[in-house]
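Values reported hereafter were calculated over all heavy atoms of this structure, with side chains retained and with hydrogens, waters and symmetry mates removed.
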Amino acid sequence: MSFANTYRGKRVLLTGHTGFKGSWLAEWLVLLGAEVTGFALPPPTTPSLFDQLGLSKRLRHIEGDVRDLAAVRATVEIVMPDFVFHLAAQPLVRQSYKQPVETYATNVMGTVNALEAIRLAGRPCAVVAITTDKCYENKEWVYSYREEDPMGGYDPYSSSKGAAELVIAAYRRSYFLSPDSSVKLASARAGNVIGGGDWAVDRIMPDCIRALRRGDTIPVRNKIATRPWQHVLEPLSGYLWLGACMVNPRLTPYAAHLTSAFNFGPSLASNRTVAELVQEVLKHWPGRWEDQSDPKAVHEARLLNLATDKAHHFLNWSPIWSFADTIGHTVAWYKKAEAVGTDIHALTTSQINAYSTAARVAGITWAT
């Protein structure tokens, strides 16, 4: 991989490494030979991919809360990172309705604390701060949102991520904008990420798997909602490649444009309804589902698409796996993980390798 040598032997600080996306990214970074330090709360679910992968034994694991500036500063000063990937967040829309203060404190002030700790450390590094596609002011239209579109958000989760993007932009302009700045800061917005090892509550893929394992009917609460579904490895490849290009301008002729926001979403063909996703899952793991829509349920967006032209033109990044591939690999992970004695680490790295091979065949720069 083009970014293999970029991360080998480098100090990488990863916040939120005990979560679903964070665990996949930690695994990939360890595979690339990085010296990874993770800073996060304990795993949010039982089971958790973090525990299944045994990551606490293969990286420096620091339990801490991004709402605690002193703890974040101490960690940055210990690690003195070459790269920072900030993923720590309260990631659930429905939970944000129940815990709005915690959501804003974690997603907004947690981002402030991470960037402030980096600023005060004065260490040259590349920072990729992760938000979400829901940071945009969603007008529920077919138009795909571009990086320059307004931030917004109907619910506490979405608006907290829009606010986090404003924080990132303010820190970039105020402290890291000059060409000779030792800190390179970008933000990344992904679509609806799925993949093996997600055990969160109130997410459709884990809901499907839990029901199928028990032989129950899958409850579907918002069947007509359309989302940009993508395998977790798709945006992670974008984060890694963006970080690599920020520290090595020779990798892209557009290096001057990288300290900005980037969408890493799927192809338009992967913008599907929840019902279509469930039906695709049932092709691989037979079962049944039922509509449990509740007209009194809290508001959740029904239509949301991402434009990825900027990532394509500036980074030569494109999604690799189709909608069918994404569902197939995800369900395969869960089914194989069910078997007694399955090596979850080997299963997960095999999917990273399969994805990297598909990217190489497709001629994507980071993989060739």
Q: What distance do Leu29 atom CG and Leu59 atom CG have between them, rounded to the nearest 0.5 Å?
A: 9.5 Å
Q: Is it true that Arg189 and Glu165 make a salt bridge, defined as a side-chain N closer than 4.0 Å to a carboxylate O?
A: yes
Q: Are Ile130 and Phe3 linked, directly or through other ILVMFWY residues, by side chains that come within less than 4.5 angstrom of each other?
A: yes
Q: Going by atom types only, do Gln95 and Tyr157 share a side-chain donor-acceptor pair under 3.5 Å?
A: no
Q: With no hydrogens and no angle check, is any side-chain donor or acceptor of Ser181 less than 3.5 Å from a backbone partner on Val183?
A: yes
Q: Please tell me if the side chains of His257 and Thr252 come closer than 4.5 Å, counting only heavy atoms from C-beta onward.
A: no
Q: If two hydrophobic side chains count as joined below 4.5 Å and joins carry through other members, does Trp366 share a cluster with Leu251?
A: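 Trp366 clusters together with Leu251.
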Q: Decide side chain to side chain contact (heavy atoms under 4.5 Å, CB included) for Val247 and Lys184; before the verdict, give the C-alpha distance in whole Å, the side-chain angles of both, and the deciding distance to 0.1 Å.
A: CA-CA 8 Å; Val247 300; Lys184 308 297 182 184; 5.8 Å; no
Q: With a 3.5 Å cut-off and no angle check, do the side chains of Glu280 and Trp229 form a donor-acceptor pair?
A: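 Note: Glu280 and Trp229 side chains miss the donor-acceptor criterion.
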Q: Do Val66 and Thr106 have side-chain heavy atoms sitting under 4.5 Å apart?
A: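 Contact flag for Val66/Thr106 side chains = yes.
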Q: Considering residues at least two apart in sequence or located in another chain, which fulfil the side-chain hydrogen bond (donor to acceptor under 3.5 Å, both in side chains) criterion with Trp24?
A: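 Trp24 satisfies side-chain hydrogen bond (donor to acceptor under 3.5 Å, both in side chains) with no other residue.
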Q: Go through it in stages, so that I can follow the logic: the residues are Tyr136 and Leu306, the test is side chain to side chain contact (heavy atoms under 4.5 Å, CB included), and I'd like the CA-CA distance, side-chain angles, deciding distance and then a yes or no.
A: CA-CA 10 Å; Tyr136 293 105; Leu306 282 180; 3.7 Å; yes
Q: Given side chain to side chain contact (heavy atoms under 4.5 Å, CB included), test Arg58 with Leu53 step by step and report yes or no.
A: CA-CA 9 Å; Arg58 296 187 292 114; Leu53 290 171; 4.0 Å; yes
Q: Could you work out, with salt bridge (Lys or Arg N to Asp or Glu O under 4.0 Å) as the rule, every residue matching Arg172, not counting sequence neighbours?
A: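 Partners of Arg172 by the salt bridge (Lys or Arg N to Asp or Glu O under 4.0 Å) criterion come out as none, since no residue qualifies.
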Q: From Asp51 CG over to Ser23 OG, what is the distance, rounded to the nearest 0.5 angstrom?
A: 8.5 Å
Q: Look at the side-chain heavy atoms of Ile, Leu, Val, Met, Phe, Trp and Tyr, link any pair under 4.5 Å apart, and say whether Leu115 and Phe85 land in one connected group.
A: no
Q: To the nearest 0.5 angstrom, please state how far the NE2 atom of His231 sits from the OG1 atom of Thr330.
A: 4.0 Å
Q: Would you check if there is a donor-acceptor pair between the side chains of Trp333 and Thr348 at a distance under 3.5 Å?
A: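 Short answer, yes.
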Q: Applying side-chain contact (heavy atoms from CB on, under 4.5 Å) between Ile194 and each of Val331, Val232, Ile327, report the one that passes.
A: Ile327
Q: Examine distances only and state if a side-chain atom of Asp149 and a backbone atom of Arg146 form a donor-acceptor pair shorter than 3.5 Å.
A: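 Checking the backbone N and O of Arg146 against the side chain of Asp149, a donor-acceptor pair under 3.5 Å is found.
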Q: Check the side chains of Tyr97 and Thr103 for a donor-acceptor pair under 3.5 angstrom, ignoring hydrogens and angles.
A: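 There is no such pair (donor and acceptor under 3.5 Å, judged by atom type) between the side chains of Thr103 and Tyr97.
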Q: Does one side chain, of Glu116 or Tyr171, offer a donor that lies under 3.5 Å from an acceptor on the other?
A: yes
Q: Is a donor on one side and an acceptor on the other found under 3.5 Å between the side chain of Asn107 and the backbone of Lys161?
A: no
Q: Distance-only, no hydrogens or angles: does the Gln230 side chain make a donor-acceptor pair with backbone N or O of Ala190 under 3.5 Å?
A: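 No, because the side chain of Gln230 does not come within donor-acceptor range (under 3.5 Å) of the backbone of Ala190.
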Q: Quick check, are the ring centers of Trp199 and Tyr334 under 6.0 angstrom apart?
A: yes
Q: Mind running salt bridge (Lys or Arg N to Asp or Glu O under 4.0 Å) on Arg60 and Glu35 for me, showing each step along the way?
A: CA-CA 8 Å; Arg60 178 192 284 168; Glu35 297 177 7; over 6 Å; no
Q: With Asp82 as reference, evaluate Arg8, Lys10, Arg123 under the salt bridge (Lys or Arg N to Asp or Glu O under 4.0 Å) test and give the passing residue.
A: Arg123
Q: If Ile, Leu, Val, Met, Phe, Trp and Tyr residues are connected whenever their side-chain heavy atoms lie under 4.5 Å apart, and connections chain through other members, are Phe39 and Tyr239 in the same group?
A: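 No; tracing contacts between hydrophobic side chains, which count when under 4.5 Å, never links both residues.
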Q: Any side-chain to backbone donor/acceptor pair from Ser322 onto Asp325? Under 3.5 Å, distance only.
A: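 Answer holds: yes.
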Q: With a 4.5 Å cut-off on side-chain heavy atoms, are Asp133 and Pro228 touching?
A: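 Yes; the side chains approach each other to less than 4.5 Å.
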Q: Within this structure, what is the NZ-CG distance for the pair Lys98 and Leu92, rounded to the nearest 0.5 Å?
A: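 The NZ atom of Lys98 sits 9.5 Å away from the CG atom of Leu92.
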Q: Please confirm whether the ring centroid of Tyr355 lies under 6.0 Å from the ring centroid of His329.
A: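 Tyr355 vs His329: aromatic centres not under 6.0 Å.
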Q: In Å, rounded to the nearest 0.5 Å, how long is the span from CH2 of Trp241 to CG of Leu258?
A: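 Taking CH2 in Trp241 and CG in Leu258, the distance rounds to 10.0 Å.
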Q: Does the side chain to side chain contact (heavy atoms under 4.5 Å, CB included) test come out yes or no for Leu282 and Leu212, once each step is laid out?
A: CA-CA 9 Å; Leu282 296 180; Leu212 291 170; 3.9 Å; yes
Q: State which residue, out of Thr75, Val12, Val76, fulfils the side-chain contact (heavy atoms from CB on, under 4.5 Å) condition with Pro81.
A: Val76
Q: Under the 3.5 angstrom rule, does the side chain of Lys335 hit a backbone N or O of His284 as a donor-acceptor pair?
A: yes
Q: Is Ser318 reaching over with its side chain to a backbone N or O of His312, donor-acceptor style, under 3.5 angstrom?
A: no
Q: Just verifying a value: how many Å separate Glu63 CD and His17 NE2, rounded to the nearest 0.5 Å?
A: 7.5 Å
Q: Under the rule for salt bridge (Lys or Arg N to Asp or Glu O under 4.0 Å), what residues qualify as partners of Glu147, not counting sequence neighbours?
A: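 Partners of Glu147 by the salt bridge (Lys or Arg N to Asp or Glu O under 4.0 Å) criterion come out as none, since no residue qualifies.
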Q: Assign the ring pair Tyr254 / Phe314 to parallel, tilted or perpendicular, where the plane angle (0 to 90°) is split at 30° and 60°.
A: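 Parallel, since the angle between the ring planes stays under 30°.
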Q: Take a 6.0 Å sphere around NZ of Lys336 and say whether it holds more than 12 heavy atoms from other residues, nucleotides or ligands.
A: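 Count not over threshold, so no.
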